[in-house]
Amino acid sequence: MRLPVGVFDSGLGGLSVAARILTTLPKERIVYFADNAHVPYGERPLEDIQEFALGITGFLISKGAKAVVMACNMSSAVALDIARESYPDLPILGMIEPGAKAAVAVSDGAPVGVLATSGTVKSGAYQKFIADLNPHLHVVQQACPRFVPLVESGKSESEEAEAAAHDYVSALLREGCKTIILGCTHYPFLRRAIESAAGPGITIVDPAEELALALQNILTERSIASDKLTAPHEFYTSGDTDDFATFGGAFLGRRIDTVEKATWGVDLGKRLASAVTTNDVNGDIN
Ligand code: DGL
């Protein structure tokens, strides 16, 4: 099945996940959507994120997606269940479960730290998933509102990034954390600053690695894995296409030649969100 895998995020962050998918599954084609018009998601109300996630999933389906990856922890935390209800036949993967699994696997029993957006922290999603896997592990969450704007403005390698990383990571170290989850897909682009703030002996977990394996498994199980890359990857943004191409290419580690501007059907997202909350699910996206 040479149809693409849909991948989306509020902006550039999801490219850290796209890069991992392309390394693990080089025969898969991706269609990436960056909702730069609405970044950052992490400070928005839950209802907005649900509408965005449902509308964007519909957009990716309209581009042929055979599976969708929410390369956004915020969406995964608050919109994964609702999206799966709205699109029951489509494999939809989120970041939280793979991240929790990877952290529990490497943890030595010391507290696990989560760096995430305010919304993901508020959802408590990492705490819930980790407790399901190991109820004895203490989880410490740290909201990092300064991080996403730094990445989106190309300041991942700046003094500001170092100062922010120092503040956020210190809070986790004070609580005795030995494992730190990058609970937002923008944060791998700040990895150098985060690692240097953490110092030696701290394991940094990027959920993207486990996510790519989970995607590989589901594509294989459903016999929809691609045997050959036959067309170019596609990139869409609801924001500025030139900015996305410039920063995005650097983040993805490969040239992005074409970026198309797209709106993703906010009406569709609204309709599906209200259908799901009123228990009247209508998966028709036309
Ligand atoms: N990169 C996203 C995440 O993983 C969203 C960040 C944001 O827009 O606040 O949560």
Side-chain angles (χ1 to χ4, degrees), residues 6-21 32-53 55-57 68-80 83 92-100 102-103 113-129 141-156 161 164-165 168 180-191 194 204-212 214-215 235 237-240 243-244 247-248 251-252 264 269:
V7 180
F8 78 86
D9 182 37
S10 60
L12 296 162
L15 291 172
S16 63
V17 182
R20 176 60 59 176
I21 292 173
Y32 186 91
F33 183 86
D35 195 9
N36 289 97
H38 298 113
V39 68
Y41 275 12
E43 313 300 316
R44 285 176 178 274
L46 176 150
E47 294 76 19
D48 282 8
I49 305 303
Q50 291 179 333
E51 285 172 18
F52 297 166
I56 294 166
T57 301
V68 165
V69 173
M70 291 190 177
C72 169
N73 288 261
M74 180 66 207
S75 306
S76 309
V78 303
L80 186 61
I92 307 179
L93 289 87
M95 302 305 300
I96 312 283
E97 193 175 357
V114 180
L115 297 173
T117 63
S118 305
T120 300
V121 165
K122 242 182 263 156
S123 78
Y126 272 106
Q127 288 172 319
K128 278 181 232 140
F129 274 94
Q141 304 189 97
Q142 176 61 47
C144 313
R146 284 144 72 194
F147 272 169
V148 169
L150 284 168
V151 174
E152 288 289 328
S153 58
K155 293 189 186 155
S156 298
Y168 297 143
I180 296 180
I181 302 175
L182 304 180
C184 167
T185 56
H186 282 73
Y187 301 175
F189 299 122
L190 296 158
R191 189 165 182 141
I194 292 169
I204 307 289
V205 172
D206 179 355
E209 293 169 28
E210 193 67 34
L211 176 284
L215 176 63
F235 298 90
T237 176
S238 56
D240 188 280
D243 279 357
F244 185 88
F247 291 130
F251 284 154
L252 189 63
W264 44 258

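Counting starts at 1 for both ligands and their atoms, in listed order. Fair warning: this is a prediction, and the values are worked out from it, not measured in the lab.
Contact annotation: for V148 versus ligand 1, heavy atoms closer than 4.0 Å belong to the side chain alone.
Under a 4.0 Å criterion applied to the non-hydrogen atoms of V39, ligand 1 contributes the atoms 8 (O). For ligand 1, the atoms sitting less than 4.0 Å from at least one non-hydrogen atom of T117 are 6 (C), 9 (O), numbered in the order shown with element in parentheses.
Residue G42 has at least one N or O atom closer than 3.5 Å to an N or O atom of ligand 1. Looking at ligand 1, you'll find an N or O of N73 within less than 3.5 Å of one of its N or O atoms. Considering backbone and side-chain N/O atoms, E43 never comes within less than 3.5 Å of an N/O atom of ligand 1.
Checked against a 6.0 Å centroid threshold, the rings of F52 and H38 count as neighbours.
Put simply, the side chain of S10 never gets that close to the backbone of D35: no donor and acceptor are under 3.5 Å apart. Between the side chain of E152 and the backbone N or O of L12, at least one donor-acceptor pair lies under 3.5 Å.
Between G14 and V7, the shortest heavy-atom contact is O-CG1, 4.4 Å. Closest approach of L150 to A164, counting heavy atoms only: CD1-CB, 4.3 Å.
For S10, the closest heavy-atom approach to ligand 1 falls below 4.0 Å.
Here the rule is side-chain contact (heavy atoms from CB on, under 4.5 Å) with L211, and of V69, I96, D206, T185 only V69 fits it.
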| request: Under the ring pair (Phe, Tyr, Trp, His ring centres under 6.0 Å) rule, what do F8 and Y32 come out as? Steps first, then yes or no, please. | output: CA-CA 6 Å; F8 78 86; Y32 186 91; 8.9 Å; no
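Counting only heavy atoms of the protein, atom 7 (C) of ligand 1 lies nearest to Y41 N, 3.2 Å. Shortest contact from atom 2 (C) of ligand 1 to any protein heavy atom: D9 OD1, 3.1 Å. Remark: minimum distance from atom 10 (O) of ligand 1 to any protein heavy atom is reached at M74 N, 3.1 Å.
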